[in-house]
Amino acid sequence: MCELSSTTVLVLNRINCNKMSDSLRLLVKNAKQVVMVCKNGEKFLTKDGMQNLAVLENASVVIGHNGLIEAVGPADSIESHFREAVFDKVLDATGMCVLPGLVDAHTHPVWAGDRVHEFAMKLAGATYMQVHEAGGGIHYTVTHTRATDPETLLQGLKGRLERMLRAGTTLVECKSGYGLELNTELKMLKVIDAARKSMSIGISSTYCGAHAVARGKTMEEATEDILSVQLPAIQKQISAGNLQVDNIDVFCEKGVFDLNSTRRILQAGKDIGLNINFHGDELHPMNSAQLGAELGALAISHLEEVTDEGIAAMARAKTCAVLLPTTAYILRLPCPRARDMLDAGVIVSLGSDFNPNAYCCSMPMVMHLACVTLKMSMPEALAAATINAAYALNHSQSHGSLEPGKQGDLLIINAPRWEHLIYQFGSHQELVRFVIIKGNIVYENDKVLDL
Ligand SMILES: N=CN[C@@H](CCC(=O)O)C(=O)O
Ligand SMILES: [Zn+2]
């Protein structure tokens, strides 16, 4: 680290750190607040660390041509140190706030056939499993996704990712899981890969062939198909360089995959190099949290029904809890015990759970819900939607905070305090002025309205 005179200016390790006359990609200057989230290279935050985020007043950010953050610091220090530099682009953020790009740690964004009709059924009292067992839910989406060509699925995915981007998400986890057989699972994973290659939003790809038991199969048969047909074929595609997959997922739930099948599938995924990141303890206490901790899972999602033992195991194993406030809200479930997890030192993150059951593309809405329904504070919610969500995706070395050396992903909001991003319930399109990835403006809204 090359220290400058001001201790609050952080400068990336540069070959010639005295010479600030280089050509650089972007200067965001004079922001009212720059929320770094953390500033000591933390890979995640817990407890007090989530309450006390690193926030600079009257600050600027510099991003280099490599797309990485070069410096973050007080506006006057940055100005004097980079006086000689040539920037491709300068954004004057006077009166605005800069935050890290948001990270959405759980989505199911590749599908055809919406389920708007099921919303009425659920409002009338049908439970998630009643809809599922009647052939709706995941099964309905599987039928439509199997019948849809990859190009149509890709166009649908791109539209959804674009909506997420406009709400500030710059890194998102995307699952397969509406195929439940090899060809459609591969089709979905390839569609996710195609989006990764053609869009600027960052993507972490998850194989979720165990999202439900396909119609006509028993759980045992579905497990065998995953272990002996789907996973080997996926591994072959990965090894041949035709596919990138990052994580393995199972819906560990009563009536779906039991603990033993879940263990076998997750372990097999881990054995081929995938990170374990799965659905657990959502509708029934399954001891999923204990299993995940034992297997070294990076993350477990939902956890509405997690037990005290499960919480303790996750805290010990540093397995991240991905909480999904939209699910409990839409399905009128008991909320996950966020406060108990936070107090126990669990690494808590957030996801939108975007899927045909929970049609939400907006992490600001998710943070708002997390504060109101899960009783998280605004700093906790922001840490959960940035550095901790990046940890859940094994990306916290490059994403989740505004620190030198990390990817230059940020959003600029038209508000004098960063908390407006959470305080406002919807209408974020009127708040988000710029979304920036690797120092490039990927979304600009010049029609933002004043507060
Ligand atoms: N619980 C399982 N999977 C999804 C829902 C998927 C669907 O209903 O299509 C979830 O995380 O909420
Ligand atoms: Zn899910």
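Counting convention: from 1, in listed order, for ligands and their atoms alike.
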**More than 12 heavy atoms of other groups within 6.0 Å of Lys43 NZ** = yes

**Asked** Looking only at protein heavy atoms, which one is nearest to atom 12 (O) of ligand 1, and how far off is it?
**Response** Asp353 OD2, 2.6 Å

**Candidates Ile311, Val306, Ile300, Leu303 - the one meeting side chain to side chain contact (heavy atoms under 4.5 Å, CB included) with Val346** = Ile311

**Message:** Is it the case that ligand 1 has an N or O less than 3.5 angstrom from some N or O of His279?
**Reply:** yes

**Prompt:** Backbone or side chain, does any N or O of Asn357 fall under 3.5 Å from an N or O of ligand 1?
**Reply:** no

**Request:** Answer yes or no: are there more than 12 heavy-atom neighbours, outside Arg146 itself, under 6.0 Å from its atom CZ?
**Result:** yes

**Message:** With respect to the Zn ion (ligand 2), please indicate if His211 possesses an N, O or S atom at a distance under 2.8 Å.
**Reply:** no

**Item:** Nearest-0.5 Å distance that lies between atom CE in Met378 and atom CZ in Arg417
**Value:** 8.0 Å

**Request:** Apply the side chain to side chain donor-acceptor pair (under 3.5 Å) test between Lys175 and each candidate in Thr107, Asn355, Asp249; give the one that qualifies.
**Result:** Asp249

**Prompt:** With a cut-off of 2.8 Å, does Cys208 place any N/O/S atom under that distance from the Zn ion (ligand 2)?
**Reply:** no

**Asked** To which protein heavy atom is atom 4 (C) of ligand 1 closest, and what is the distance rounded to 0.1 Å?
**Response** His108 NE2, 3.5 Å

**Message:** Using heavy atoms and a 4.0 Å limit, tell me yes or no: is Tyr178 in contact with ligand 1?
**Reply:** yes

**Message:** Could you check whether Arg337 pairs with Asp308 (Lys NZ or Arg NE/NH1/NH2 to Asp/Glu carboxylate O, under 4.0 Å)?
**Reply:** yes

**Message:** As a test of reading the structure, name the N/O/S atom of His106 that is nearest the Zn ion (ligand 2).
**Reply:** NE2

**Item:** Ligand-side contact atoms (ligand 1) for residue partner His106, heavy atom cut-off under 4.0 Å
**Value:** 11 (O)

**Message:** Suppose we measure from atom 5 (C) of ligand 1 to each protein heavy atom; which comes out shortest, and what is that distance?
**Reply:** Tyr128 OH, 3.2 Å

**Metal proximity, His302 vs the Zn ion (ligand 2), N/O/S cut-off 2.8 Å** = no

**Asked** More than 12 foreign heavy atoms under 6.0 Å from OH of Tyr359: is that the case here?
**Response** yes

**Message:** Can you tell me if His132 contacts ligand 1 (heavy atom of the residue under 4.0 Å from the ligand)?
**Reply:** no

**Item:** Under 3.5 Å side-chain donor-acceptor pair for Asp48 and Gln51
**Value:** no

**Item:** Identity and separation of the nearest protein heavy atom to atom 1 (N) of ligand 1
**Value:** Glu282 OE1, 2.9 Å

**Fill in**
If we number the atoms of ligand 1 from 1 as shown, the ones under 4.0 Å from a heavy atom of Arg115 are 7 (C), 8 (O), 9 (O)

**Item:** Basic-acidic side-chain contact under 4.0 Å: Glu70, Arg25
**Value:** no

**Prompt:** Between Glu253 and ligand 1, which residue portion shows a heavy-atom distance shorter than 4.0 Å: side chain, backbone, both, or neither?
**Reply:** neither

**Asked** Can the ring centroids of Tyr140 and His132 be said to lie less than 6.0 angstrom from one another?
**Response** no

**Message:** With respect to Thr141, determine whether any N or O atom, backbone or side chain, lies less than 3.5 Å from an N or O atom of ligand 1.
**Reply:** no

**Asked** Is the centre of the His108 ring less than 6.0 Å from the centre of the His279 ring?
**Response** yes

**Request:** Show which atoms of ligand 1 fall inside a sub-4.0 Å distance from at least one heavy-atom site of His211.
**Result:** 2 (C), 3 (N), 4 (C), 6 (C)

**Item:** Which of the ligand 1 atoms, numbered from 1, are nearer than 4.0 Å to a heavy atom of His302
**Value:** 1 (N), 10 (C), 11 (O), 12 (O)

